[in-house]
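Scroll down for the structure; my scribbles are underneath it.
Everything quoted here is computed from the prediction, not taken from an experiment. The chains referred to below are lettered A, B, ... by the order of the sequence lines, with proteins before strands, and numbering in each begins at 1.
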Amino acid sequence: MAVSDPVRVRIAPSPTGFAHLGTASTALYNVLFARQTGGTFVLRIDDTDMERNRPEYEALIYESLRWLSLGWDEGPDKGGPHAPYRQSERVDVYKEEAARLIQQGKAYRCYCTPEELEAERRQAQAEKRAYRYSRRCLTNPPEGRSVFAVRFKVPGGEVTFADMVRGEMRFDAGLIGDFIIVKSDGYPTYQFASPVDDARMEITHVIRGEEHLSNTPYQLMLVDALGYPRPHAYAHMPLILAHDGSKLSKRKHPEANLILFRDQGYLPEALINYLALLGWNPGTEQEIFSFDELVRAFSFERVQHGGARFDWEKLNWINGEYIRGLSDEELARRLKSFLPQLDEDVVRRAIPPLRTRMYKLAQAVDYLDYLWTDPPTPSLDAETVERVKAAIDALKDVPWEAEAIESALENAVASSGVGKGKFYTPLRDTLTGKKVSLPIHYTLELLPKDEALKRLERAA
RNA sequence: GGCCCGUUCGUCUAGUGGACCAGGACGCCGGCCUUUCAAGCCGGAGAUCACGGGUUCGAAUCCCGUACGGGCUACCA
């Protein structure tokens with residue numbers, strides 16, 4: 001592959017579960033690099049696991065990536081010069097390549113049953129040696145069997161390659177046993193399909209998670225055996241870790257589901273910002289980055305080598321920063337789907353007191369649900385009831401607008417002989433049924449005047 | 001077991017031989033503001049740089065070893 005080739009990168013998620021944080025993170029780094037170099041970003045669906053694939057998971061990948069504005073230039077839904085982009089639709093390609101390898105003596109059929117392989121493995125373990133396939137089907141194939149997988153005959157030697165984050169990598173392929181490239185169901189394994197497609201789709205830079213670092217020599221041997229040019233470089237990005245330091249996985253960590261972030265009201269641009277900072281840093285003290293700033297600042301040299309724990313607290317802070325930075329119009333627009341019970345006008349009026357109080361959009365519900373639910377009427381002592389009555393009197397003839405309400409209330413407080421806290425707390429309780437609310441004048445104003453007065457009179 | 005990657009405040013990190021008895025951010029604690037809760041502002045605590053050996057006048061920074069964590073080693077991806 002010539003160095004001057006236009007950059008082509010890709011992600012290859014498998015639709016075996018919801019789209020998760022790791023997919024977003026890898027996609028982000030790929031997109032950043034593509035935008036930075038004027039390259040092309042390809043989405044390839046890696047659906048070679050017939051047991052676990054589900055079409056709805058593929059739809060979720062599209063939905064999640066689009067939500068994050070991590071759009072692709074070529075993919076199953078858009079087509080492109082290397083279609084199809086779904087591996088299940090490229091089985092002929094892999095079969096053809098496997099046949100070529102077999103013909104050239106670089107791969108062979110393996111008729112071993114899972115039980116036989118398991119026995120080999122056990123044996124090796126018992127003898128305390130590293131397990132490698134015995135090659136019995138190469139040297140002494142069994143007779144009369146028809147079910148087979150295809151194994152790559154590992155040539156051994158040393159495999160070296162350039163990693164943009166870790167530098168020159170070197171692996172001893174002598175330690176790698178012959179591995180399966182086509183499963184007995186006819187579908188390719190990841191180790192086979194991935195490098196074949198990368199080569200055929202002319203991927204120039206393979207940017208993926210660190211879990212694939214040790215897989216790279218497997219794939220490079222295949223690329224060489226097939227006679228394809230190798231990618232210019234790889235970049236193995238640090239893993240996102242769960243709180244306990246283990247790799248964030250779909251099974252163990254359902255909270256890594258991207259759709260859940262959207263549904264809780266994390267802003268896509270805030271999540272992107274946080275993800276970029278997890279494992280990479282600009283070398284300056286800047287923390288908040290627009291997408292364009294990320295495109296300009298990102299570089300693989302400044303990528304962390306070790307995994308990073310996902311920290312909700314910091315994400316919450318960044319998300320809050322973004323929420324506070326939104327215009328009233330924009331915030332109202334984004335809040336809409338979280339507050340279907342409210343008129344646009346009410347949402348709009350709620351924004352000034354609301355915006356500094358949320359670190360995620362779904363919290364608006366906690367502050368505003370008193371507007372569409374009827375709180376229980378508190379039972380107040382005689383003295384408190386007098387104050388509520390005073391509030392009603394003060395409010396009765398006031399224009400229903402926050403400032404007017406505030407000054408009317410302040411007058412009532414002044415002549416009540418108690419402080420604001422003591423005066424407002426029962427009002428808040430009566431109006432919302434909660435101990436925490438927006439400032440009392442906003443709490444009142446957002447409610448229709450008759451409804452507000454009704455609730456107060458009920459308690460008085 | 002083998003191979004690979006990693007290890008700086010609770011967390012994310014700055015740091016590439018002397019300016020570091022280690023800087024920033026989140027979180028935490030205290031104060032101010034304040035009707036509650038936030039936001040904002042001010043201040044503070046918090047890291048013997050995993051450990052042990054080297055190299056060097058000098059090491060968080062270089063080398064070796066150990067420990068710990070993670071990944072891969074599947075007819076999962």
Side-chain angles (χ1 to χ4, degrees), chain A residues 12-16 46-49 51-53 87 110 112-114 117-118 121 124-125 127-132 147-151 163 166 169-172 175-177 179-191 193-194 209-218 236 238-239 241 243-247 274 277-287 302 304-318 320 324 353-359 363 366-367 406 409-410 413 419-425 427-429 432 434-441 443:
Chain A
S14 61
T16 55
D46 189 345
D47 56 348
T48 55
D49 183 345
E51 304 271 294
R52 300 191 298 152
N53 291 324
Q87 291 187 324
C110 175
C112 293
T113 64
L117 295 172
E118 181 54 31
R121 231 165 317 206
Q125 194 169 32
E127 292 168 23
K128 289 193 71 179
R129 21 171 269 266
Y131 172 69
R132 246 173 300 149
V147 177
F148 64 88
V150 179
R151 267 183 204 276
D163 189 290
R166 289 155 215 275
M169 299 301 305
R170 191 175 295 272
F171 287 85
D172 180 1
L175 268 17
I176 297 173
F179 56 93
I180 291 187
I181 57 176
V182 179
K183 299 180 263 186
S184 54
D185 66 2
Y187 280 84
T189 59
Y190 165 79
Q191 294 294 40
S194 182
E210 197 204 304
E211 73 261 38
H212 294 300
L213 187 54
S214 317
N215 290 150
T216 306
Y218 291 68
H236 289 96
L239 262 20
L241 272 22
H243 199 71
D244 64 1
S246 66
K247 174 185 159 188
Y274 178 64
L277 254 25
L278 247 201
W280 167 83
N281 83 82
T284 66
E285 291 183 356
Q286 185 175 354
E287 302 269 348
R302 297 203 63 89
Q304 216 61 31
H305 295 192
R309 286 168 217 244
F310 190 83
D311 181 12
W312 288 91
E313 299 288 354
K314 181 124 184 192
L315 202 220
N316 288 343
W317 173 73
I318 289 183
R324 276 167 244 132
L354 197 54
R355 71 167 346 123
T356 60
R357 277 166 250 260
M358 301 183 292
Y359 60 81
Q363 289 175 302
D366 296 329
Y367 280 106
E406 185 176 24
L409 245 26
E410 273 170 2
V413 169
K420 282 182 175 178
K422 206 153 188 186
F423 195 92
Y424 292 158
T425 298
L427 299 186
R428 182 177 355 264
D429 187 13
T432 69
K434 302 182 185 194
K435 64 288 160 233
V436 173
S437 80
L438 299 180
I440 199 70
H441 51 292
T443 300

OP1 or OP2 of [N] sitting under 4.0 Å from any side-chain N/O of [X]?
X	N	value
Lys183(A)	C75(B)	no
Asn281(A)	U13(B)	no
His305(A)	C5(B)	no
Gln304(A)	A14(B)	yes
Thr284(A)	A14(B)	no
Lys247(A)	G69(B)	no
Arg170(A)	C5(B)	no
Arg324(A)	G40(B)	yes

Side-chain donor or acceptor of [X] under 3.5 Å from a matching atom on the base of [N]?
X	N	value
Arg428(A)	U35(B)	yes
His441(A)	U35(B)	yes
Ser184(A)	C75(B)	yes
Thr356(A)	A38(B)	yes
Ser246(A)	G70(B)	no

In whole Å, what separates the [atom1] atom of [N] from that of [M]?
N	M	atom1	value
A59(B)	G54(B)	P	12 Å
A14(B)	U66(B)	C1'	28 Å
G1(B)	G10(B)	P	29 Å
G44(B)	A22(B)	P	15 Å
C5(B)	C63(B)	P	13 Å
U13(B)	C32(B)	C1'	30 Å
G43(B)	G23(B)	P	16 Å

Please state how far atom [atom1] in [X] lies from atom [atom2] in [N], giving the value in whole angstrom units.
X	N	atom1	atom2	value
Gln286(A)	G24(B)	CD	P	17 Å
Lys128(A)	C3(B)	NZ	P	13 Å
His243(A)	G10(B)	NE2	C1'	8 Å
Phe171(A)	U73(B)	CZ	C1'	12 Å

Touch class at under 4.0 angstrom, heavy-atom based, for [X] against every strand present:
X	answer
Arg166(A)	sugar-phosphate
Ser194(A)	nothing
Tyr274(A)	nothing
His212(A)	base
Gly209(A)	nothing
Asn215(A)	base
Ile180(A)	base
Cys112(A)	base
Leu175(A)	sugar-phosphate
Thr189(A)	sugar-phosphate

Taking the side chain of [X] as heavy atoms from C-beta outward, which of [options] is closest to it?
X	options	result
Lys420(A)	U35(B), G71(B), A74(B)	U35(B)
Arg151(A)	U11(B), C75(B), G70(B)	C75(B)
Leu278(A)	A77(B), G70(B), C12(B)	C12(B)

Short question: side chain of Arg302(A), backbone of Trp280(A) - any donor-acceptor pair under 3.5 Å? no
Are any side-chain N or O atoms of Arg166(A) and backbone N or O atoms of His236(A), one a donor and one an acceptor, separated by less than 3.5 Å? yes
Return yes when atom [atom1] of [X] has more than 12 non-hydrogen atoms of other residues, nucleotides or ligands closer than 6.0 Å, and no otherwise.
X	atom1	answer
Lys422(A)	NZ	no
Glu51(A)	CD	no
Gln125(A)	CD	no
His305(A)	NE2	yes

Is [N] paired to anything, Watson-Crick or G-U wobble with both distances less than 3.5 Å, and if yes, which nucleotide?
N	value
G6(B)	C68(B)
G30(B)	C42(B)
U61(B)	none
A47(B)	none
G17(B)	none
G1(B)	U73(B)

Can you work out whether Ile440(A) or Arg302(A) has the more 5'-proximal nearest nucleotide on RNA chain B? Arg302(A)
Starting from the 5' end of RNA chain B, give me the residue, Leu213(A) or Arg357(A), whose nearest nucleotide shows up first. Leu213(A)
Is it true that Ser194(A) and His212(A) share a donor-acceptor pair across their side chains at a distance under 3.5 Å? no
Indicate whether the side chain of Ser437(A) and that of Thr432(A) have a donor and an acceptor atom separated by less than 3.5 Å. no
Electrostatic pair Lys314(A):Glu287(A) at N-O distance under 4.0 angstrom: yes
Summarise protein proximity over nucleotides 25-31 of chain B in one line of letters, 5' to 3': B for base, S for sugar-phosphate only, - for none, counting protein heavy atoms closer than 4.0 Å. BSS----
One should read off an interatomic distance between Arg52(A) CZ and Ser14(A) OG, to the nearest 0.5 angstrom, of 6.5 Å
Beyond-backbone contact of Tyr274(A) with Asp311(A), side-chain heavy atoms, under 4.5 angstrom: yes
Can you find a pair of side-chain heavy atoms, one from Thr216(A) and one from Asp163(A), that are under 4.5 Å apart? no
